[in-house]
Amino acid sequence: MLPPSSFLLAASLLAALPVNADGIYTKKSPVLQVTGKDYNSLIANSNYTSIVEFYAPWCGHCQSLKPAYEKAAQNLNGLAKVAAINCDDDDNKPFCGQMGVQGFPTLKIVTPSKKPGKPRVEDYQGARTAKAIVDAVVDRIPNHVKRATDKDLDKWLGQNEERPKAILFTEKGTTSPLIRALAVDFLGAVDVAQVRNKELASVEKFGVSEFPTLVVVPGGGAEHQLYEGELKKQAMVEFLSKFATPNPDASGKAASSTNSKPKSKSKSKSSKSTSKPTFVPDDEPIVDANDESEAKPAQVPIPVPPLPTLATPESLESSCLAPKSGTCVLALLPEQGEALPAAATDALASLAEIAHKHAQRGTHLFPLYAVPEINSGSQTLRNALGLEDKQGVEIIAVNARRGWWRRYEAQDVYSAVAIERWVDAIRLGEGKKEKLPEGLVGAAEKAKEAEHDEL
Ligand SMILES: *[C@@H]1O[C@H](CO)[C@@H](O)[C@H](O)[C@H]1NC(C)=O
């Protein structure tokens with residue numbers, strides 16, 4: 001059992017670690033940034049499918065996912081929501097916990113169900129490439145599009161007679177992401193159907209001569225209209241908006257008012273831009289196949305684990321000062337009042353970051369520990385090594401088996417970069433080592449034996 005004071009100490013060390021509230025996505029990013037507060041309104045209550053990344057800014061795998069994720073967001077613009085939530089932000093932590101997030105990045109696909117506000121939430125376990133993410137999300141875009149034939153088109157047109165109808169005439173049998181997304185935008189406001197070119201009676205009835213073509217049948221018996229504009233999401237939303245109001249979270253809406261481009265009749269496939277999805281006739285892939293393909297799924301634990309603390313002389317000895325102990329790095333903490341001095345918290349944060357980085361990469365690093373001043377083992381060590389000034393933090397490396405130690409000497413610079421340089425030098429066996437004074441290694445064990453002898 002540790003004395004109660006060490007729990008307090010551990011708690012204060014945790015609290016002292018700096019919190020990075022800045023996310024990795026800028027305001028200009030195509031990735032929608034959500035919080036624990038607006039998750040319900042933006043994601044859970046949406047009629048759209050979303051993918052949500054739970055991340056922490058310090059997490060390397062999150063940073064390497066960023067380009068692919070932003071590319072996926074660009075490609076899914078107008079089709080689905082691509083969102084991210086910064087779980088390192090104190091305000092979001094409880095929510096990330098509730099969502100069962102155990103590592104970063106965690107990607108979840110949120111698909112609306114029949115029950116409003118109760119979407120299906122599943123972990124995305126696929127490759128961390130734009131293409132794989134886009135494919136998985138596109139698969140889950142809700143399909144409210146009726147597939148009509150000559151036989152049942154009239155019946156479908158007769159339902160909800162006052163409500164406008166949109167019919168996509170197409171050569172394809174599948175329902176494209178774009179038309180599905182359009183139906184989501186106008187869910188309950190415009191009914192959407194798809195009719196194949198081989199349904200000749202319907203093709204003739206509406207005077208369709210090329211495919212694909214979008215036809216609108218306004219409610220209340222008004223004459224149908226052929227859409228002449230580009231078969232792109234935004235332009236199509238604008239057109240349908242003349243007949244009915246799109247739903248609140250219709251994604252083309254906000255953009256269409258500020259961003260509308262002159263319409264052209266050209267449907268050239270070569271006009272693929274990276275920022276806005278081109279109309280993708282049915283089963284054509286949205287992302288080019290020669291997509292970047294690194295990034296195998298990998299997760300890191302949360303939060304940045306603080307340095308383990310050696311709170312007692314026994315734990316210090318068994319971890320680092322036993323005759324067979326290999327290299328250890330110890331942060332000998334200064335005397336503590338209300339809180340640790342800034343230099344000490346910086347040193348702890350930097351060491352935690354270095355340890356974390358190696359853990360993430362899976363590279364071997366000797367153990368790093370915090371040793372509080374109240375641990376009498378720390379005092380013994382300081383005295384033996386001539387580091388008596390207990391106002392300051394000391395970072396040392398010791399190797400009991402080989403009998404050497406080294407001190408981190410860069411006064412007052414406790415950045416991760418500076419400390420890592422020192423750590424790397426030790427890993428490479430560079431630099432001068434001091435001889436570990438006699439009597440430090442295995443001292444507690446010997447003392448115990450002596451005690452037994454006396455009894
Ligand atoms: C979702 O669809 C319904 C119609 O089924 C609509 O009333 C509602 O406003 C839509 N929700 C959002 C957030 O757009």
Side-chain angles (χ1 to χ4, degrees), residues 30-53 72-73 75-85 92 95 98-99 108-122 137-148 152 155-168 175-194 214 216-220 232-260 276-277:
V31 173
L32 173 70
Q33 289 167 73
V34 300
T35 67
K37 283 201 190 78
D38 56 20
Y39 173 86
N40 275 348
S41 64
L42 292 174
I43 307 293
N45 293 326
S46 175
N47 295 326
Y48 264 100
T49 296
S50 305
I51 183 162
V52 184
E53 179 198 4
N75 283 288
L76 288 168
N77 179 26
L79 303 177
K81 294 187 181 185
V82 176
I85 179 161
N92 295 335
F95 175 70
Q98 265 171 43
M99 293 297 286
K108 290 182 188 280
I109 299 183
V110 183
T111 311
S113 74
K114 292 236 164 69
K115 290 188 200 138
K118 299 249 182 296
R120 184 158 52 95
V121 180
E122 59 194 316
V137 174
V138 158
D139 267 354
R140 290 166 179 80
I141 298 175
N143 191 349
H144 301 286
V145 179
K146 160 79 180 170
R147 289 218 228 156
D152 60 8
K155 185 175 168 228
W156 180 77
L157 285 167
Q159 291 165 0
N160 308 316
E161 219 178 335
E162 290 306 302
R163 195 183 289 174
K165 308 276 190 294
I167 309 165
L168 181 75
T175 311
S176 73
L178 182 121
I179 195 73
R180 280 186 277 153
L182 201 65
V184 170
D185 277 342
F186 288 91
L187 194 60
V190 176
D191 291 341
V192 180
Q194 168 166 322
L214 184 72
V216 172
V217 184
K232 286 192 179 178
K233 177 76 192 311
Q234 213 172 279
M236 290 165 86
V237 169
E238 275 177 51
F239 176 69
L240 287 188
S241 299
K242 292 188 211 156
F243 305 93
T245 311
N247 286 326
D249 68 352
S251 47
K253 206 179 48 167
S256 66
S257 54
T258 55
N259 238 346
S260 64
K276 284 181 212 95

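Each ligand, and each atom within it, is numbered from 1 in the order the structure gives. Because the structure is predicted, anything quoted here is derived from the model rather than measured.
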Check: [Y] and [X] side chains under 4.5 Å, non-hydrogen atoms:
{"X": "R147", "Y": "T175", "value": "yes"}
{"X": "N92", "Y": "Y39", "value": "no"}
{"X": "V121", "Y": "M99", "value": "yes"}

Where the side chain of Y48 meets the backbone of L42, is there a donor-acceptor pair that is under 3.5 Å apart? no
Close approach of P248 to ligand 1, heavy atoms, under 4.0 angstrom: yes
N or O pair under 3.5 Å between N47 and ligand 1: yes
[atom] - nearest protein heavy atom and its distance:
{"atom": "atom 7 (O) of ligand 1", "result": "N247 OD1, 4.3 Å"}
{"atom": "atom 4 (C) of ligand 1", "result": "L187 O, 3.4 Å"}
{"atom": "atom 14 (O) of ligand 1", "result": "D249 OD1, 2.8 Å"}

Report, as yes or no, whether the 6.0 Å neighbourhood of atom CD on Q159 holds more than 12 heavy atoms from other residues, nucleotides or ligands. yes
